[in-house]
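Chain identifiers are assigned alphabetically (A, B, ...) following the order of the sequence lines, protein sequences preceding nucleic acid strands; residue numbering begins at 1 within each chain.
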Amino acid sequence: MPELPEVETVVRGLQRVLPGRRILDVRLGKTDFIDDPAALAKNLPGRRIARVRRHGKFIVVELEGGGAGAVSSSLLIHLGMTGQIIFCAPDAPIAPHTHVFFALDDAREMRYTDIRRFGQMRLLVNGAQDSALGALGLDPLEATETEFSARVGGRSARVKALLLDQHVLRGMGNIYTDESLWRARIHPRRLGATLSRVELHELFRAIRQALTEAIRLRGSSVSDYVDAEGMRGEYQFRHRVYQREGQKCFRCKTRICREVVAGRSSYFCPRCQPAPRAPRKKFRQAKRS
DNA sequence: CTTACGGCCTGGGTGC
DNA sequence: TGCACCCAGGCCGTAA
C-alpha cells in the first residue's frame with residue numbers, strides 16, 4: 001500500500017523517464033476511479049510532460065501549456081492501495097486489471113493497473129491545482145518541528161488519527177504511522193494535546209527517520225507494491241511493529257499488540273508505548289465488572 | 001468547529 | 001470445490 005515513501009520512489013522513477021515525453025494517445029478500460037475520463041482522453045493526447053512531483057500520496061504529472069510554455073494543467077494520480085504504473089512495449093501482453101494506457105512518443109506505453117481501483121486519477125486544468133491539493137496538510141519531510149507540534153499538539157484527537165489525517169500531515173498511512181509511534185514510544189491512542197514537548201519532539205524525529213529510511217530502501221512491499229521499474233522495496237524487512245502482532249518487540253521483547261484505533265489496525269508494544277490513563281468511558285463501562 | 005464512528009467502494013486471501 | 005467473511009485507504013454522512 002503506497003504511502004509517502006512508496007509514492008516518492010515511484011515519482012523518482014517517473015522523473016527519470018517522463019519529462020520531455022509527449023503523450024500520443026490515451027486508452028481507457030474501467031473508468032469508475034477517474035474523475036472525468038472523457039477529459040483525459042480529450043486533453044492529454046498531444047501534450048508534453050514537463051515534470052513529475054509528489055504531493056502527499058499524489059503523483060502530479062505536470063503538462064506543458066498549449067504553447068506559452070507555462071504549466072497549465074496536471075494529471076493527478078493516487079495509487080490507492082493497489083495502483084501500479086508500469087512501462088512496456090505497446091504490444092506487450094496486458095496484465096489483469098490494467099485500466100489506463102498512455103502511448104508515449106518513445107514507442108513505449110505507460111500503463112496504470114489497479115486491482116482494487118481504490119486509486120484515483122484526475123486532470124486538473126489551470127487554477128484547479130490549488131483547490132484540489134491545497135487542502136492537504138504539511139509534508140512531514142518539509143514541515144518544521146514548530147509547525148508539526150502546533151498541528152498535532154494542539155488537537156484533542158488521538159495521535160493515530162491525527163497522523164493519518166491527510167489534512168494534518170500529507171503522506172502518512174498506517175505503516176509509517178505505527179512505525180513512527182513505536183520509534184517515539186507513544187501509544188496510538190494518546191491524544192495529541194496530551195503529548196509533552198519532548199514527546200512531540202521525539203515523534204517529529206521518528207517520523208522523519210522512518211520516512212527517510214524507507215525512501216532509502218525504496219519503500220515497503222507488503223503486498224504487491226512495486227516501483228515504476230517493477231522493483232520491490234525493502235523497508236518491510238525493517239518494520240518494527242507493523243503486522244508483527246504476537247512477535248517480540250525489538251527493544252524489550254514484549255509481545256507486540258494489535259488494536260483498532262481510529263478505525264485502523266494499530267500495532268504497538270504495550271510496554272514501550274504505555275496506554276493513556278483514562279481509556280474511553282464507553283469501553284470501560286461496557287466491560288463487565 | 002471538532003471528533004468519532006459506521007458504511008461504502010473492490011477483490012484477494014483465508015478458513016470452514 | 002465453493003463460499004462467506006475479513007480487511008485494506010480514503011472519504012463521506014451523521015451524531016454528539
Side-chain angles (χ1 to χ4, degrees), chain A residues 1-8 10 29-35 37 54-60 76-84 95-100 112-122 131-137 140 150-181 187-195 211 214 219-226 232-233 236 239 241-246 257-267 276 278-286:
Chain A
M1 33 225 70
E3 302 180 20
L4 190 152
E6 290 77 30
V7 178
E8 178 66 26
V10 170
K30 288 187 181 176
T31 58
D32 55 358
F33 64 99
I34 303 176
D35 204 40
R54 177 184 62 77
H55 191 85
K57 297 181 199 174
F58 283 93
I59 298 166
V60 184
L76 232 59
I77 303 172
H78 194 298
L79 299 175
M81 287 182 62
T82 54
Q84 288 183 4
H97 308 292
T98 303
H99 304 303
V100 188
Y112 178 78
T113 71
D114 192 344
I115 296 171
R116 298 280 196 280
R117 303 205 302 284
F118 282 9
Q120 194 182 329
M121 207 173 282
R122 186 169 43 181
S131 58
L133 298 180
L136 296 181
R151 291 256 176 161
V152 175
R155 301 278 298 270
S156 65
R158 296 164 184 149
V159 63
K160 169 90 181 189
L162 293 172
L163 297 186
L164 286 175
D165 187 343
Q166 302 299 298
H167 301 284
V168 177
L169 292 177
R170 58 178 196 252
M172 303 278 289
N174 213 28
I175 296 175
Y176 298 100
T177 294
D178 282 2
E179 293 298 317
S180 300
L181 288 170
H187 192 285
R189 229 184 321 106
R190 292 281 303 279
L191 308 184
T194 68
L195 298 177
L211 294 177
S220 303
S221 287
V222 292
S223 52
D224 48 7
Y225 162 78
V226 292
R232 289 172 61 82
Q236 66 274 20
H239 290 175
V241 283
Y242 185 73
Q243 288 189 341
R244 292 194 66 246
E245 181 180 17
C257 289
R258 187 188 81 96
E259 186 181 311
V260 174
V261 180
R264 289 280 166 264
S265 278
S266 301
Y267 300 89
R280 332 225 52 234
K281 280 188 245 146
K282 223 160 89 181
F283 296 157
R284 260 275 159 89
Q285 291 167 350

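- Proximity note for Arg158(A) (side chain, C-beta onward) versus dA8(C), dG10(C), dC5(B): the nearest is dC5(B).
- Taking atom NZ of residue Lys160(A) and atom P of nucleotide dG9(C), one finds them 8 Å apart after rounding to whole Å.
- In the helix from dT2(B)-dA16(C) to dC16(B)-dG2(C), the end axes, each obtained as the rotation axis mapping the C1' atoms of four pairs onto the next four within a five-pair block, lie 40° apart to the nearest 10 degrees.
- Rounded to whole Å, atom P of dT14(B) lies 12 Å from atom CD of Gln243(A).
- Taking atom CE of residue Met172(A) and atom C1' of nucleotide dG10(C), one finds them 16 Å apart after rounding to whole Å.
- Residues meeting the salt bridge (charged side-chain N to carboxylate O under 4.0 Å, His left out) test with Arg117(A), sequence neighbours left out: Asp32(A).
- Side-chain atoms of Gln120(A) never come within 3.5 Å of backbone atoms of Leu79(A) as a donor-acceptor pair (strictly under, hydrogens ignored).
- Of the possible donor and acceptor atoms, one in the side chain of His167(A) sits under 3.5 Å from a partner among the backbone N and O of Ala135(A).
- Rounded to an integer number of Å, the gap from CZ of Arg189(A) to C1' of dA4(B) is 14 Å.
- Atom pair Met81(A):CE and dG9(C):P shows a separation of 5 Å (rounding to whole Å applied).
- Within 4.0 Å (heavy atoms only), Ser156(A) reaches sugar-phosphate atoms of the nucleic acid but no base atom.
- Per the geometry, CZ belonging to Arg151(A) stands 11 Å off P belonging to dT2(B), to the nearest Å.
- Look at Thr82(A) and you won't find any side-chain N or O under 4.0 angstrom from OP1 or OP2 of dG12(B).
- Nucleotide dG10(C) holds its P atom 7 Å from the CZ atom of Arg264(A), rounded to whole Å.
- The side chain of Gln120(A) sits closest to dC11(C) out of dC11(C), dT2(B), dG9(C).
- With sequence neighbours excluded, the residues forming a salt bridge (charged side-chain N to carboxylate O under 4.0 Å, His left out) with Arg190(A) are Glu199(A), listed by chain and number.
- Put simply, CZ on Arg122(A) and NE2 on His78(A) are 10.0 Å apart, with the number rounded to the nearest 0.5 Å.
- To the nearest 0.5 Å, atoms OH (Tyr225(A)) and CD (Gln84(A)) are separated by 9.5 Å.
- Look at CD1 on Ile175(A): it is 11 Å from P on dA8(C), rounded to the nearest Å.
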Detail all sub-3.5 Å separations between protein N/O atoms and N/O atoms belonging to nucleotides 8-11 of chain B.
unit_1	atom_1	unit_2	atom_2	d
dG11(B)	OP1	Arg117(A)	NH1	3.1
dG11(B)	N2	Arg116(A)	NH2	3.2

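- Partners of Arg151(A) according to the salt bridge (charged side-chain N to carboxylate O under 4.0 Å, His left out) rule, which considers only residues two or more places apart in sequence or in another chain, do not exist here.
- Looking at Thr177(A), Asn174(A), Asp165(A) one by one, the single match for side chain to side chain donor-acceptor pair (under 3.5 Å) with Lys160(A) turns out to be Asn174(A).
- The salt bridge (charged side-chain N to carboxylate O under 4.0 Å, His left out) check on Lys57(A) picks up nothing, with sequence neighbours excluded.
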